[in-house]
Amino acid sequence: MADKAIVVNEPDSASLWTQRDPTWVARVLPLLKVAVKAWFRSDVRGVDKIPEGGALLVSNHSGGVMAMDVPVIAVAFWDHFGTERPLYVLAHDILFLGPAKEVFSRTGFVPANRKNAQDILQSGGVTIVFPGGDYDVFRPTTSANRIDFEGRTGYVRTALEAGVPLVPVVSIGGHEAQLFLSRGEGLAKLLQLDRLTRMKFVPVTFGFPFGFSLGLPPNLPLPTKIETRVLDPVHITEEFGDDPDIEEVDRVVRDRMQLALDEMARTRRFPVIG
């Protein structure tokens, strides 16, 4: 019964990426600006480093259930390039279940898989991927300023096969919206969520107004200042040769991101305040 439920609810990923509506994006942009500019005081630098044509943005992921990485980056991207330039987000299938499917697909969210990424990049679109996924976004607060993709290197292969540059993006502050105590891997297995919904974690957090929470209900994120930096593009074959070592490329990308994150952490005076 559980397997059938998954099949019935599986999104039609082959068509979702074509449903992005720039008119719809222009309508929701003012609302996103209120959240990222007023509440999170977002500061994004280096957007002009994103090259023309297809590009794969690769970023760390912070903030748990209410992660704000995408809105922060999207607002800066559209402010600079305009809403007509396609920006897509490779996201977890759970975002495309029920009525949320239409909202997310019209904004540019697509299920995270290799085919969708290839189609988007080869069409000249820009997409952003969070290789660490839920492993990264639910990391404990003690690891807030650590770049860790859990060994996932598929993003390098995706950029290489599509012939587009990788553009590292680093953010700090989003993981200060509440305290993240544990990813809750064991609890997810106990509840069989890993098998039923592909969710491997039930994050244990502490925040306002519910105190301790297991992801739901979500606590209200504190008005933490989110700072984001777009780093120099990585042209894989130019830098690593025609037959690059995928793991070496991944290591170099993560090292550059970690170096930038460490520098941002040193200049951040106080948690939440920034």
Side-chain angles (χ1 to χ4, degrees), residues 11 16-50 55-112 116 120 125-130 133-134 136-137 167-178 207-208 215-230 264 272-274:
L16 279 179
W17 79 271
T18 63
Q19 295 179 15
R20 179 187 180 274
D21 182 355
T23 302
W24 168 263
V25 171
R27 290 175 180 173
V28 301
L29 183 56
L31 297 177
L32 292 178
K33 282 187 176 182
V34 170
V36 304
K37 296 290 187 181
W39 189 255
F40 294 102
R41 295 165 290 140
S42 64
D43 176 13
V44 182
R45 302 182 184 180
V47 178
D48 57 320
K49 293 182 179 181
I50 301 174
L56 181 60
L57 311 186
V58 54
S59 177
N60 60 329
H61 204 14
S62 304
V65 174
M66 300 185 70
M68 294 301 296
D69 301 305
V70 169
V72 166
I73 295 170
V75 166
F77 182 92
W78 290 324
D79 274 349
H80 186 81
F81 296 107
T83 57
E84 291 295 327
R85 185 175 184 187
L87 173 65
Y88 298 91
V89 182
L90 298 175
H92 197 287
D93 288 353
I94 199 169
L95 295 183
F96 306 96
L97 303 179
K101 174 181 176 180
E102 181 179 357
V103 174
F104 282 110
S105 60
R106 291 177 69 185
T107 310
F109 285 74
V110 296
N116 282 340
I120 290 168
V126 175
T127 185
I128 183 168
V129 62
F130 302 93
D134 47 6
D136 194 17
V137 82
V167 183
V169 179
V170 180
S171 291
I172 192 172
H175 227 56
E176 298 169 4
Q178 59 182 306
F208 176 83
L216 294 175
N219 281 304
L220 178 68
L222 296 175
T224 178
K225 181 176 179 59
I226 297 178
E227 300 173 81
T228 303
R229 300 291 179 270
V230 180
M264 295 167 70
V272 180
I273 297 175

(message) Just verifying a value: how many Å separate Thr107 OG1 and Trp24 CH2, rounded to the nearest 0.5 Å?
(response) 6.5 Å
(request) Dump the intermediate steps for side-chain contact (heavy atoms from CB on, under 4.5 Å) on Tyr88 and Asn116, then the final yes or no. (result) CA-CA 10 Å; Tyr88 298 91; Asn116 282 340; over 6 Å; no
(request) Taking the side chain as every heavy atom from C-beta outward, state whether Val44 and Ile73 have any atom pair closer than 4.5 Å. (result) no
(request) Heavy atoms only: give me the nearest Val137-His175 pair and the separation to one decimal. (result) O-CE1, 3.1 Å
(message) Has Asp21 got a side-chain atom pairing as donor or acceptor with Arg106's backbone, closer than 3.5 angstrom?
(response) no
(message) Going by the rule salt bridge (Lys or Arg N to Asp or Glu O under 4.0 Å), which residues pair with Lys33 if we only count those two or more places apart in sequence or in a different chain?
(response) Asp79
(message) If you define the side chain from C-beta out and look only at heavy atoms, does anything of Phe40 sit under 4.5 Å from Pro221?
(response) yes
(message) If we ignore hydrogens and angles and just use 3.5 Å, is the side chain of Asp136 paired with the main-chain N or O of Asn60 as donor and acceptor?
(response) no
(request) Looking only at non-hydrogen atoms, find the nearest pair between Ala67 and Pro71 and report the distance. (result) O-CD, 4.4 Å
(request) Heavy atoms only: give me the nearest Glu84-Pro22 pair and the separation to one decimal. (result) OE2-CB, 3.7 Å
(request) Among Leu56, Thr127, Val126, find the one that has a side-chain contact (heavy atoms from CB on, under 4.5 Å) with Ile120. (result) Thr127
(request) Can you see which heavy atom on Met66 is nearest to which on Asn219, and at what distance? (result) SD-O, 3.6 Å
(request) Can you see which heavy atom on Gly133 is nearest to which on His61, and at what distance? (result) O-CD2, 3.9 Å
(message) My understanding is that only one of Asp48, Val47, Leu87 makes a side-chain contact (heavy atoms from CB on, under 4.5 Å) with Phe81; could you say which?
(response) Val47
(request) Please check if the side chain of Thr224 supplies one atom and the backbone of Gly173 the other of a donor-acceptor pair under 3.5 Å. (result) yes
(request) Take Asp43 and Arg41, measure what salt bridge (Lys or Arg N to Asp or Glu O under 4.0 Å) needs, and give me the verdict at the end. (result) CA-CA 7 Å; Asp43 176 13; Arg41 295 165 290 140; over 6 Å; no
(message) When you compare the side chain of Val272 with that of Lys225, does any pair of heavy atoms fall below 4.5 Å?
(response) no
(request) State, with a plain yes or no, whether a side-chain heavy atom of Ile50 is found less than 4.5 Å away from one of Arg85. (result) yes
(request) Would you mind reporting whether Asp69 and Ser62 have side-chain heavy atoms less than 4.5 Å apart? (result) yes
(request) To the nearest 0.5 angstrom, please state how far the CZ atom of Arg20 sits from the OG atom of Ser105. (result) 12.0 Å
(request) Indicate the ring-plane relationship of Phe109 and Phe104, choosing parallel, tilted or perpendicular according to the 30° and 60° boundaries. (result) perpendicular
(message) Contact between Thr228 and Arg45 at the side-chain level, heavy atoms closer than 4.5 Å - yes or no?
(response) no
(message) I want to check something: taking the side chain as every heavy atom from C-beta on, are Ser171 and Glu227 in contact at a cut-off of under 4.5 Å?
(response) no
(request) Find the distance between NZ (Lys49) and CZ (Arg229) and round it off to the nearest 0.5 Å. (result) 10.0 Å
(message) Within the structure provided, determine whether Trp78 and Val25 are in side-chain contact (heavy-atom separation under 4.5 Å).
(response) yes
(message) Just verifying a value: how many Å separate Ile226 CD1 and Glu176 CD, rounded to the nearest 0.5 Å?
(response) 9.5 Å
